[in-house]
Structure formats: structure tokens, C-alpha cells
Amino acid sequence: MALLTASALGKTIRENNIDSLYYFYGHDTAALESFTKRLVNKLCPADAQVMNFHKLDGKNLDFPMLTDACEALPFMAERVVVTINDLNIDAVTKDDLDDLKKILGSLGETTTVIIYATGVDLFKNKKYLTDKNKRFADFCEKHGTVCNFEYKRASDLGKSISTYLAKSGCTITKSNAEYLANLCLCDTAFISKELEKLSAYAEGREVTREDIDLLCIRRIESDGYSLAINILRGNAAMVFTRLRELDVQNYEPYAIIGIIGFSLADIYRAKLARSSGRSVADVAKDFSYAKNREFAVKNAYSECGNISAERIRKTLEILSETDLMLKTRSRGKDGDMLTLEQGLARSMALRC
């Protein structure tokens with residue numbers, strides 16, 4: 001009946017507006033899985049789950065079992081709940097899909113089916129579902145509720161981070177909470193793990209930027225922007241120090257140059273937009289940036305003012321040549337890392 005955001009979905013559940021069919025997907029699988037568990041426990045309390053809760057594997061869906069579960073009446077409870085985890089319609093035959101739609105399109109009032117994806121990739125790119133999964137999502141929207149669990153903005157997650165730390169007697173500034181969210185790429189699963197460490201380490205005091213840098217694992221994706229901007233500024237000490245750290249963490253040179261190039265593209269877009277009088281919002285909209293990546297444009301927009309477009313362009317050209325060499329002339333891990341270092345050194349030596 002509707003396509004809802006996670007916050008709007010939560011509101012409908014709290015108001016007891018329950019559907020017979022739910023379809024949950026999205027990149028923030030930790031938030032998705034957590035919400036699914038809470039929804040199951042709300043609709044079918046623990047003491048009623050033995051007879052009224054059925055958990056099915058979407059990768060090997062048992063259609064007779066699904067049919068029996070959906071047709072069953074609740075036993076000493078208000079509702080039968082069926083979950084289907086990791087159903088990828090790209091792997092379902094046309095006949096099976098037709099049967100599935102017949103079952104889901106005629107659910108009784110006392111039955112709720114929740115289809116949710118946590119371990120399969122339903123997307124054809126970073127934003128859109130594959131064609132078959134999109135058509136199935138449209139079918140579910142017609143017969144129930146669909147929710148895309150997208151990554152939240154760092155500003156929104158900052159509030160959740162502060163709330164979590166407050167429960168253990170710790171505090172954190174708004175800027176440091178958002179810094180942590182961006183460091184974890186706004187992925188709630190990673191944020192939760194880091195918060196456990198930080199709260200235990202801080203022991204009731206304020207969590208500082210130094211604590212975050214000391215304890216939290218830096219994902220290479222979160223390094224892309226800082227590496228790119230320091231390459232453009234010629235800050236060799238920072239670039240090669242971090243490069244050695246990534247080497248010790250066993251990151252491949254082609255992966256490192258890929259994430260640097262990704263961030264350089266953000267900076268180049270921001271530079272051209274700024275030169276043309278376009279805003280951060282314009283760039284985010286024109287290039288379909290996800291909410292958790294809008295900060296990349298904002299940061300680039302504010303810091304690219306004194307960097308020439310020509311320097312960014314030539315740096316991209318050098319790194320493109322280096323990337324091609326890494327992918328066509330492998331010399332082993334050490335040799336490839338040397339090739340990467342040489343490419344970065346050439347970029348930092350540019351005079352434009």
C-alpha cells in the first residue's frame with residue numbers, strides 16, 4: 001500500500017497500523033535486521049512464537065512450507081508471522097515467482113509476511129534495485145508496505161551516537177559524533193561496534209577525537225577524501241604514512257587507488273560546480289549522491305577553492321595511468337605498491 005522511509009515505517013508500527021506484507025531492503029542492513037527483529041517480537045511475542053512464527057530461507061525457499069504457514073490460523077495468539085530472509089528475485093524462476101505472488105497476494109488478516117534482505121545484493125548499482133527485484137518491490141508495495149533502509153546522514157546518526165553513549169555515562173560533542181559516523185561511512189553495524197569500544201574505554205567521561213582515532217578501525221573508504229585532498233596539496237608525509245598503514249592492513253594497491261580516484265572525482269565535481277556558481281545541493285542532486293555521501297561534496301566544496309581545476313584534472317590523468325598499469329602489469333604486492341607510490345609522487349610534484 002505504501003513506500004515508506006524507516007522513520008515513517010516506525011511511526012505506523014507504533015500506531016498499530018499493521019500490514020499483511022512487508023518488504024525491507026537497503027544498504028544499512030544492521031538497521032534493517034534490527035527493525036525486523038523488533039517487528040517480529042511486536043507482532044508475535046516470544047511466548048507465542050513456537051506455534052506462530054515461521055522463519056524461511058529465501059535462497060532455498062520451500063513453497064509448500066510457505067503455503068502451509070500463510071494459510072495457518074494463529075494458535076492462542078493474534079497473528080501468524082512468516083519471515084523470508086535473503087530472497088533475490090533474480091534467482092527465482094518465472095513459475096516460482098508466479099506462485100509466490102499468488103501466495104502473497106491473498107494473505108489473510110491474521111497473517112503477516114516479512115521479506116527482508118541482509119546477505120544478498122539486490123542492487124544493480126549503488127542506488128537502484130535490479131529490474132526484477134524492482135518489479136517485485138512494486139508488487140509488494142501494491143499489496144503491503146515497502147521500506148528502503150538507506151544510510152542516514154551523519155547529522156542524524158550523531159544524535160543516536162550521543163544517546164547511546166549517554167546510557168553508559170559518557171558524552172560526546174556534536175562534531176565528534178558526526179566525525180565517528182563519517183568514519184564508519186554511516187553504517188550502523190560498524191558504528192555499534194565502535195561505540196562498544198569507546199564507551200568501555202572512556203568509562204563515563206567525554207569521548208574525544210583522540211579516542212576515536214586511537215580505537216576505531218579506519219575503513220579505506222573513509223580515507224579516500226583525506227588522501228585525495230592531501231595529494232592535491234602535496235602533503236607527502238601524510239599520504240605516504242597512511243599508505244604504509246594500509247599496506248600493513250593488507251589492502252591491495254588497486255583498491256587504494258580506486259578509492260582515491262573516487263574521492264578525486266567528488267572534488268573535481270565540487271570544483272567545477274563552485275566555479276560555475278552551483279551549490280552543494282545542486283551537485284548532490286545532479287549526481288544522485290546518497291545521503292551518507294553528501295558530506296563528501298560539502299567537504300570538497302569548502303576546501304577546493306585554492307586548488308586549480310587543472311591540477312585536479314592532471315592528477316586524475318596520472319592516477320588513471322597508474323590504475324591501468326596496476327591492472328595490466330602486475331609485479332606482485334610489493335612491486336604494485338611501488339607503482340602506486342610513484343604515481344602519487346608524480347601527482348604531488350605537479351606545479352599548476
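Residue numbers start at 1 and run along the sequence shown. These numbers were taken from a predicted model, which means no experiment stands behind them.
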Is there a chain of hydrophobic side chains (I, L, V, M, F, W, Y, each step under 4.5 Å between heavy atoms) that links Leu246 to Ile231? yes
So, Tyr254 and Asp323: side-chain donor and acceptor under 3.5 Å apart, yes or no? no
For atom OH of Tyr128, decide whether the heavy atoms of other residues, nucleotides or ligands shown that lie under 6.0 angstrom number more than 12. no
Where do Tyr23 and Phe136 land on the ring-ring contact (aromatic ring centres under 6.0 Å, His included) test, with the steps shown first? CA-CA 9 Å; Tyr23 183 70; Phe136 183 69; 5.4 Å; yes
Going by atom types alone, do Ser34 and Arg38 pair a side-chain donor with an acceptor below 3.5 Å? yes
Could you walk me through whether Arg135 and Asp131 pass the salt bridge (charged side-chain N to carboxylate O under 4.0 Å, His left out) test, one step at a time? CA-CA 6 Å; Arg135 287 194 291 271; Asp131 294 342; 5.1 Å; no
What are the two closest non-hydrogen atoms of Thr111 and Cys70, and how far apart are they? OG1-O, 3.3 Å
Between Glu109 and Arg79, what is the shortest heavy-atom contact and its length? O-NH1, 3.4 Å
Ring-plane angle category for Phe287 and Tyr289, please: parallel below 30°, perpendicular beyond 60°, tilted otherwise. perpendicular
Pair Thr208, Asp211: side-chain N/O donor-acceptor within cut-off below 3.5 Å: yes
From CA spacing to verdict: salt bridge (charged side-chain N to carboxylate O under 4.0 Å, His left out), Arg313, Glu317: CA-CA 6 Å; Arg313 183 165 54 249; Glu317 290 174 357; 5.1 Å; no
Count the heavy atoms belonging to other residues, nucleotides or ligands that lie under 6.0 Å from CE of Met238, then report whether that count exceeds 12. yes
What are the two closest heavy atoms between Asp28 and Glu150, and how far apart are they? CB-O, 4.0 Å
Going from CG on Asn41 to OG1 on Thr36, what distance comes out if it is rounded to the nearest 0.5 angstrom? 11.0 Å
Shared hydrophobic cluster, Leu227 / Ile259 (ILVMFWY, side-chain heavy atoms < 4.5 Å): yes
Are Asn52 and Glu78 close enough that a side-chain donor and a side-chain acceptor fall under 3.5 Å? no
Measure across Ile257 and Leu319 and return the closest heavy-atom pair with its distance rounded to 0.1 Å. CD1-O, 3.4 Å
Any carboxylate oxygen within less than 4.0 angstrom of a Lys/Arg side-chain nitrogen, looking at Asp286 and Arg269? no
Hey, any chance Val113 and Leu4 share a hydrophobic cluster, counting ILVMFWY side chains that come within less than 4.5 Å of each other, even indirectly? no
Decide if atom NZ of Lys174 counts as having more than 12 heavy atoms of other residues, nucleotides or ligands within a radius under 6.0 Å. no
Out of curiosity, does Phe53 fall in the hydrophobic cluster containing Phe24 (side-chain heavy atoms, cut-off under 4.5 Å, transitive links)? yes
Could you check whether Thr339 and Asp336, counting side-chain N and O atoms only, form a donor-acceptor pair closer than 3.5 Å? no
Using the ring of each side chain (for Trp, its six-membered ring), is Phe123 parallel, tilted or perpendicular to Tyr25, with breaks at 30° and 60°? tilted
Salt bridge between Lys102 and Asp98, side-chain N to carboxylate O under 4.0 Å? no
Heavy-atom closest pair (Val81 atom, Cys44 atom, distance to 0.1 Å) is CG2-CB, 3.7 Å
Within a reach of under 6.0 Å around CG of Asn125, are more than 12 heavy atoms found that belong to other residues, nucleotides or ligands? yes
Would you kindly check if the NZ (Lys) or CZ (Arg) of Lys298 is within the cone defined by 45 degrees around the ring axis of Tyr301 and under 6.0 Å from the six-membered ring centre? no
side-chain hydrogen bond (donor to acceptor under 3.5 Å, both in side chains) between Asp282 and Ser279, intermediate numbers included: CA-CA 5 Å; Asp282 292 330; Ser279 68; 3.0 Å; yes
Short question: side chain of Arg311, backbone of Leu232 - any donor-acceptor pair under 3.5 Å? yes
For Ser155 and Glu178, which heavy atoms make the closest approach, and how far apart are they? CA-OE2, 3.5 Å
How about Lys101: does its NZ atom have over 12 heavy atoms from other parts shown lying under 6.0 Å from it? yes
Anything under 3.5 Å between a donor and an acceptor, one on a side chain of residues 195-202, the other on a protein residue two or more places apart or in another chain? List them.
unit_1 : atom_1 : unit_2 : atom_2 : d
Lys197 : NZ     : Glu194 : OE1    : 2.9
Lys197 : NZ     : Leu215 : O      : 3.0
Ser199 : OG     : Leu195 : O      : 2.9
Ser199 : OG     : Glu196 : O      : 3.2

Do Asn16 and Lys42 have a side chain donor and acceptor closer than 3.5 Å? yes
Distance in Å, Met337 CE paired with Leu243 CG, rounded so as to fall on 0.5 Å steps: 5.0 Å
So, do Asn88 and Leu122 sit near enough that their side-chain heavy atoms are less than 4.5 Å apart? yes
Are Ile307 and Lys271 packed together at the side-chain level, in the sense that at least one heavy-atom pair is separated by less than 4.5 angstrom? no
